[in-house]
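Single-structure report; data block below.
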Amino acid sequence: MSDGLDPEIAALLSQSETGDSADNAVTDISDSGMFKSPSSGSKETSSSSAGSVSVRSLHEVDLSRTEFAPIEKFTNDTPSEIFNDTKYYKTALTGENQSAQRVHQILSKYLTCQDPKDRAVYRQQIVTSYWELLRGMVGKMGYTDTPMPKKMLVRFGVVLPSLFKQETKDFFSKIFVENREGEPIMYVDEWFKEIASGRMNNSATDEKKQVKTANMTPDQAASAEQSRLMQLQSKNSGKMQSTENILNIKENERRMLEGELKRDIEDLCEHNQVLGLENHSAGYTEMQRKLLPEITDILHRLSKNDKELSKVLEEFKEAKATYDNVQDKINAGGGAAVTTNDTEAVKIEFETVRQMAKMTVGRRGNQFPIFTREFYHCTERGTGTRENVIDVLTWIESLDPGVFHRIHKNVPNRIVPYVLLVPTYGDRGFCWEPFDRYNRVTSRGRIVVPMYPKDLKIAVLTAVADLRWQVAKEKASYYWMEEGLTGQYYQHFDQMKLKGDVKEFFIEDYILWMTKESTGVQRLDKDVRGIFWRNMPFPKPLKEELRKRSLVYDELCKKDANREMSDGY
């Protein structure tokens, strides 16, 4: 390495804490035939070290769950050796043709360049060339024999392990590779794997021109039919899940009423003997006479329950029959059509994910796509790993219990959205879609969270706030400026004559609601506090704690009590 190396680059490449020299960083990216066709032994660092864990499907919404399971371990006790592999860089870029060659060349120049202006040019070129590299790599994520360095490159943006600090390398080596929690929180490589397999639909985009059936090849026609059937299945799946959930509720209600009826009848049928007239029994006691109208009331409630249950049961049978019928057609039309569809799906999703990554950063943010200690300044708990994000979501749900609830037929369904963790230096998460457009009842929404933000809690909060807003807006439909959460907030926004994007104001207020107001620190406007208190209430124990701290919260609790008393009038 030249003695006149730019101090900033020297700091970037220096490995004083690890024993690696700056020369090693450049040695790691020497050609050594990495762009030739991969040999049979090039996949020796495959996912065998993943230690896969059997979990339930990420795509099945379990409506019986009420919260996230506590995270028992945030990192693995046994670190992986993947980032200590001397062939990591070579394995990651081998077999990726010209795009990998270009990344290699530009990265080499960037790391050794001494002219700040030239370095800025190379930095911009890396952004474009890196995404071109990913374009060819993401389609391979569905294969089980994909080498781990390639997965880690897509998942964390780690191209060159020598760009780690030693403590950061140790931390990343302990991050769990597999999804131990079974929650729909996914890294980029996992996301593309689910898309490629057909288990997950593409993220919503603007509708594209449909190819006329007459101009389709047989494979395209089969693929289009498969796509249509999967959309129909998705739509019907929501109805089936929701109906089954209501059916379970009605069955539980019947079970409770029948149990209560049995106990009352047993008490009613017990008679005391008359003293001196042992062959005869006494009449009903005062307590038993009170049971008569109670039993009559239970019978009326059972009759009503039976009508509702029978109706829901028929709806469930119909939905299940439709689901099974469509599933049979999908299975019958498998094979080449599915493969073709998956290839196209990955191509489309790649452009969407690239747009998502840009949005987490913003126009003026750091678009650099490769992991480097120059830009990574997160703590271990502040890095957007799956476990850390679930932990933040658990905290959010503890303060906003209805955050993932969607109401259908007056029944709240808890539906955790898909969460995509993108390896960017962005600071804000966002909601891409509140739910699948073909299944508004029980489908998962999609939110995106940057992995390397300044504040992980704020990054997740912005995404959840965006989800909150979009779900409420879709529910109110054309009347979103008049009804519900969005309507009340918009009217406040209009009355205050505020300028800008109303959703952005809502997100900022939601962050204050969760981080300040939940601790008793008053930062919101009085009207906004009232809107949030009614529409996104804290749990009752927290409300009781807050009312002790301030008359403001005490007054809100009194209004809650008045509304409860007036219900039904």
Side-chain angles (χ1 to χ4, degrees), residues 58-59 126-128 130-139 141-142 151 153-158 183-196 199-208 344-371 375 378 383-386 388-389 392-393 416-437 443-456 458-471 501 503-504 507:
L58 301 176
H59 313 292
I126 285 177
V127 176
T128 305
Y130 180 81
W131 280 103
E132 285 304 310
L133 171 65
L134 287 188
R135 186 191 301 275
M137 295 182 70
V138 294
M141 293 298 105
K151 289 186 178 181
L153 185 152
V154 175
R155 179 175 296 196
F156 299 131
V158 177
E183 296 291 351
I185 288 81
M186 287 176 272
Y187 297 108
V188 175
D189 62 302
E190 296 171 330
W191 188 273
F192 280 109
K193 181 178 180 180
E194 294 304 302
I195 294 292
R199 291 188 292 268
M200 185 171 163
N201 295 328
N202 282 92
S203 302
T205 55
D206 294 335
E207 293 292 338
K208 298 188 177 182
E344 284 301 312
V346 171
K347 290 179 180 178
I348 294 170
E349 190 69 15
F350 172 79
E351 298 301 333
T352 305
V353 170
R354 184 173 183 178
Q355 183 64 25
M356 290 174 175
K358 288 181 179 179
M359 290 174 64
T360 63
V361 176
R363 291 183 180 179
R364 299 183 180 180
N366 180 7
Q367 299 282 351
F368 197 73
I370 294 176
F371 182 93
F375 304 127
C378 303
T383 302
T385 64
R386 188 184 349 253
N388 287 339
V389 170
V392 176
L393 291 173
V416 178
Y418 290 118
V419 182
L420 174 61
L421 307 178
V422 290
T424 64
Y425 301 102
D427 292 321
R428 292 175 69 85
F430 62 91
C431 173
W432 184 262
E433 56 183 295
F435 39 69
D436 190 306
R437 61 183 179 271
S443 63
R444 301 188 190 276
R446 302 189 185 203
I447 64 177
V448 184
V449 175
M451 291 187 64
Y452 313 132
K454 292 177 183 176
D455 189 325
L456 180 62
I458 298 300
V460 179
L461 272 173
T462 53
V464 170
D466 195 0
L467 175 71
R468 259 288 195 187
W469 177 266
Q470 291 200 47
V471 168
D501 186 350
K503 185 176 76 171
E504 289 303 314
I507 290 173

Determine yes or no for a side-chain-to-main-chain donor-acceptor pair under 3.5 angstrom, with [X] supplying the side chain and [Y] the backbone.
{"X": "E349", "Y": "S203", "answer": "yes"}
{"X": "R386", "Y": "I185", "answer": "yes"}
{"X": "D466", "Y": "C431", "answer": "yes"}
{"X": "T462", "Y": "G429", "answer": "yes"}

To the nearest 0.5 Å, tell me how far [X] [atom1] sits from [Y] [atom2].
{"X": "E132", "Y": "L134", "atom1": "CD", "atom2": "CG", "value": "9.5 Å"}
{"X": "Q470", "Y": "F435", "atom1": "CD", "atom2": "CZ", "value": "9.0 Å"}
{"X": "E190", "Y": "L58", "atom1": "CD", "atom2": "CG", "value": "8.0 Å"}

What I'd like to find out is whether the side chain of [X] reaches to under 4.5 Å of the side chain of [Y], using heavy atoms alone.
{"X": "P450", "Y": "V361", "answer": "no"}
{"X": "F192", "Y": "M137", "answer": "no"}
{"X": "L461", "Y": "V392", "answer": "no"}
{"X": "V448", "Y": "M359", "answer": "no"}
{"X": "F371", "Y": "M451", "answer": "no"}
{"X": "N202", "Y": "T352", "answer": "no"}
{"X": "I447", "Y": "W432", "answer": "no"}

Test log, rule side-chain contact (heavy atoms from CB on, under 4.5 Å), inputs W469 and I507: CA-CA 8 Å; W469 177 266; I507 290 173; 5.8 Å; no

With a cut-off of 3.5 Å and sequence neighbours excluded, list every side-chain donor-acceptor pair involving residues 417-428.
unit_1, atom_1, unit_2, atom_2, d
Y418, OH, H59, ND1, 2.7
T424, OG1, T360, OG1, 2.9
Y425, OH, I370, O, 2.9
Y425, OH, T372, N, 3.0
D427, OD1, K454, N, 2.9
R428, NH1, E508, OE2, 3.1
R428, NH2, E504, OE1, 2.9

Steps toward side-chain contact (heavy atoms from CB on, under 4.5 Å) verdict (R444, V416): CA-CA 6 Å; R444 301 188 190 276; V416 178; 4.0 Å; yes

Steps toward side-chain contact (heavy atoms from CB on, under 4.5 Å) verdict (Q367, W131): CA-CA 11 Å; Q367 299 282 351; W131 280 103; over 6 Å; no

Residue pair P453 / C378: nearest heavy atoms and the distance that separates them: O-SG, 3.2 Å

Salt-bridge criterion met for E351 and R354 (N-O under 4.0 Å): no

Pair D189-K193, side-chain contact (heavy atoms from CB on, under 4.5 Å): steps then yes or no: CA-CA 6 Å; D189 62 302; K193 181 178 180 180; over 6 Å; no

Test salt bridge (Lys or Arg N to Asp or Glu O under 4.0 Å) applied to E194 - qualifying residues, sequence neighbours left out: R199

Check: Y187 ring centroid to F156 ring centroid under 6.0 Å: yes

